[in-house]
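Reading through the structure tokens given below for one structure.
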Amino acid sequence: MRRNPDNEERRLQDDLEAQEYWLAADRADQSDQADGAVWIQVRLVDRLFHDVPMLEAPIGFAERVMEAIAAREGLTPDRGRTRRRFRLPWLAVAAAAGILLAGGALAVGAAGPSAAVLGLLLQQAVGALNILAAQLAELFLPLSGLSIQPGWLMAAIGMVILNGVALWWLMGYAATRREQVIYRLPVRVH
Amino acid sequence: LSVDSVDSERAWLQQARAGDQQAFGDLVRLHQHAVYNLAYRMLGNRVESEDAAQETFLRAYANLERYDMERPFRTWLLSITSNYCIDRLRRRRLMWLSLDEPLPPHAALHSDETEPEDAVIDSERNALIQTLLAELSPEYRAAVVLHYWYDCSYAEIASILDTTESAIKSRLFRARQTLATRMTGKQERSQFSVIAEET
């Protein structure tokens, strides 16, 4: 095994844990000869894999890699371009929000706000929300006349839960398939 | 890596980030064997391994700016390699190629160079190892290769394979058990064939 001195302390800890693992496994399997034979084989596997040399890359491999890099157009570690692409929209949104806020503050200041004006504005906002809620309630009005059986209700709840689970799974799947930022780069098999 | 190599590696990384292809070439030369070995142990085929190793370096170069300089470069490269190989093996299975795929070729037959007799034993050992590795799932195979060949701690393997330390412990434990069972089976079969030949 090729040991890295910087890693030695951590490796020792790992080895101790592994040793405990094996001892526990041995104790558990002492009564069973067939399993005991497997443990002996496990140690043989360790010995087999131990000190197997690392294969060397074929001669001229590095040169071929560099030729491939040179051959692929636009393959450059371009830091500025990547960062600008992600930063610009945020900068634009932040600037727009700042302008709106400043404009709103100036308008309110110019109008000379009084308690009555602010109260009126609040009243109108609450009124708008009420209208919106009433329109939403109207959508469910046809259902009010139906007598929903418990079975249907359970099925509906089940469907909602299933949809939720499916959505959650889809989001998880999408998260794993998205282009990984650092360690998991998109795969293209030729 | 020695202290000098680490310093050189850092300097090359900075130069490569600035667009210096020659510096990246030095990084390729420094890590080519580690990347190639991992690809070969995962895929069990020299042509595919070279392709995978090359793809690893291409991706590393294209995404060099995303690399965190605080972490070892080799770990990053191995991570790209293992993920690429795992995906490639999965796709291979999806395409049902695995059903018709022959066992990894015998190293002694596959080598281009003539080897002395002593090396034949190593070649046979290598071939047995590749046959055993081929029976593990891609995730287990990656953990085993990183454990035996790269002196990686559980934490490092977990970081490379983007999982938890306990998952790695469990994978290694089960992988060793599987390898042991398979090895027992192979020994029994070879003993049976010897007896059959004698009779």
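Residue numbers start from 1 in every chain, and the chains themselves are labelled A, B, ... in the order their sequence lines are given, proteins ahead of strands. Just so we're clear, the structure is a prediction, and the values are computed from it rather than from any experiment.
Chain A forms the most heavy-atom pairs under 4.5 Å with one residue out of B:Ile129, B:Thr178, B:Leu133, B:Leu179, and that residue is B:Ile129. Per-residue counts of heavy-atom pairs under 4.5 Å with chain A were compared for B:Tyr36, B:Phe57, B:Phe24; the largest is that of B:Tyr36.
Only the side chain of B:Val144 comes within contact range of chain A, with at least one heavy atom under 4.5 Å from a heavy atom of that chain.
Judged purely by atom type and a 3.5 angstrom limit, B:Arg125 uses its side chain to pair as donor or acceptor with the backbone of A:Leu48.
Residues B:Arg41 and B:Asn126 bring a donor and an acceptor atom of their side chains to less than 3.5 Å of each other.
Counting only residues at least two apart or on different chains, the side chain to side chain donor-acceptor pair (under 3.5 Å) pairs with a member in residues 59-71 of chain A are A:Glu63-B:Arg29, A:Arg64-B:Glu50.
Applying the side-chain hydrogen bond (donor to acceptor under 3.5 Å, both in side chains) test to B:Thr164 and every residue at least two apart in sequence or in another chain returns B:Ser166.
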